Amino acid sequence: MNWDDTTDATAAERLVGSVADREDQAVEAALRPKDLDEFIGQEKVREQLDLVLRAARARGATADHVLLSGAPGLGKTTLSMIIAAEMEAPIRITSGPAIQHAGDLAAILSSLQEGEVLFLDEIHRMSRPAEEMLYMAMEDFRVDVIVGKGPGATAIPLELPPFTLVGATTRAGLLPPPLRDRFGFTAHMEFYEPAELQRVVHRSAALLDVEIGAEGAAEIAGRSRGTPRIANRLLRRVRDYAQVKADGVITREIASAALAVYEVDARGLDRLDRAVLEALLKLFGGGPVGLSTLAVAVGEERETVEEVAEPFLVREGLLARTPRGRVATPAAWAHLGLTPPGSAAGGGSGQQDLFGA
Ligand SMILES: Nc1ncnc2c1ncn2[C@@H]1O[C@H](COP(=O)(O)OP(=O)(O)OP(=O)(O)O)[C@@H](O)[C@H]1O
Ligand SMILES: [Mg+2]
């Protein structure tokens, strides 16, 4: 396996919630399901992928190129490794931002072994010339290497061994159609159901050798924003709490108390999410307010508010993005226990017990 440092760094930047550390990445690798049977949820994707891979194996051929799209932490990197494992093929890992020049890509492609899986993370962030080289490589297993400059430059065609490209993106909409069309199979990963996340928590707890009850697992699952990576992260924080404050066993009460300490509320909102909502409600009367103004109010970068906090708040129906700016929904007022201005009810009832302890 060939780990590319750049991939690690960018994956860490995009971790939902707090910044990932080395421990995070090491544990994450240890908790990755190794084959399709171990992979929880995403039934449709699993069934379809299983067919694609089985058929390729039966033909003794290399599997078709696969595009995986979906929010951070839903299992794209994990699935790419599973594809290689199921095909009993080696895997090479790189990412769009790591490929600045077409030459970088040519070097990688020409060193692939027959049948190898090339995992290209953040494929939407590749440079234009590299993208165009990739079109030809995907379709004809051939690249043109340009030698020389100006009028004297010549293109030397280079044959490539058949390989499987697995592209991953959090932003499928940003992929140019010619690139998207060259994938034989596209899997869109959905957020996970609470019952599926509960299974993720149980599986990880067993691997980490942590004792946990069904209710404790459900409590963690319910606050994990539909995302296995967050479920695993919360599990580890709750484990810490259970070890220090109790006998190490995770019950519903322990999970709930621990998550209150880490400021993850009953609905899975963390400190940043609540800061954004509170600013929107208390400073701007529920909006509409521009993204930049909102970001300044919470002392965060515009991008952090837009890419880290907002997608979840929108999905939860707490915030709406309108042409005039960000607007809070009635559910947002209710969640923070505040009364919208001009509503009949007299005065805010004060902060609810958000953490559900
Ligand atoms: N279906 C699943 N079953 C069990 N665990 C899972 C599943 N999907 C993801 N995980 C766990 O969640 C963690 C994050 O998954 P992964 O790194 O594959 O996400 P990703 O989609 O590549 O995220 P990013 O977009 O940030 O790169 C992994 O450690 C893995 O153990
Ligand atoms: Mg990934």
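None of the values given here were measured: they were computed from a predicted structure. Whatever order the structure lists them in is the order used to number ligands and atoms, beginning at 1.
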Near Thr77 (heavy-atom distance under 4.0 Å), the atoms of ligand 1 are 17 (O), 18 (O), 20 (P), 22 (O), 27 (O)
Any atoms of ligand 1 less than 4.0 Å from a non-hydrogen atom of Leu31? List them with their elements. 31 (O)
So, Thr77 and the Mg ion (ligand 2): N/O/S under 2.8 Å, yes or no? yes
Considering distance alone, does some N or O of [X] sit under 3.5 Å from an N or O of ligand 1?
| X | result |
| --- | --- |
| Ile40 | yes |
| Lys76 | yes |
| Glu38 | no |
| Pro228 | no |
| Tyr192 | yes |
| Gly75 | yes |
| Gly73 | yes |

Any idea which of Ile82, Thr78, Asp121 brings a heavy atom closest to atom 18 (O) of ligand 1? Thr78
Measuring from atom 14 (C) of ligand 1, which candidate in Glu196, Arg229, Met81 has the nearest non-hydrogen atom? Arg229
Within 6.0 angstrom of [X] [atom1], more than 12 heavy atoms from elsewhere:
| X | atom1 | result |
| --- | --- | --- |
| Glu88 | CD | no |
| Glu253 | CD | yes |
| Arg271 | CZ | no |

Closest approach of Glu300 to Thr304 (non-hydrogen atoms, all atoms of both residues): OE1-CG2, 3.8 Å
Structural part of Leu74 in contact with ligand 1, heavy atom criterion under 4.0 angstrom: backbone
With heavy atoms under 4.0 Å as the rule, classify the contact between Asn232 and ligand 1 as side chain, backbone, both or neither. side chain
Please determine, by modelled atom types, if Arg171 and Ser69 share a side-chain donor-acceptor pair under 3.5 angstrom. no
Side-chain contact test, heavy atoms from C-beta onward, threshold under 4.5 Å: evaluate it for Ile230 versus Tyr192 and give yes or no. no
Quick check on Gln42 - does any of its heavy atoms sit under 4.0 Å from an atom of ligand 1? no
Sub-4.0 Å heavy-atom contact, Gly41 with ligand 1: no
Give a yes or no on whether Phe119 and Phe39 share a hydrophobic cluster (residues Ile, Leu, Val, Met, Phe, Trp, Tyr; joining criterion: side-chain heavy atoms under 4.5 Å apart). yes
What residue among Asp104, Leu120, Leu105 forms side-chain contact (heavy atoms from CB on, under 4.5 Å) with Thr94? Leu120
Would Arg315 pass as a cation-pi partner of Phe191, given that its NZ or CZ must be under 6.0 Å from the six-membered ring centre and within 45 degrees of the axis? yes
Is the side chain of Glu116 donor-acceptor paired with the backbone N or O of Gln113 at a distance under 3.5 Å, no angle test? yes
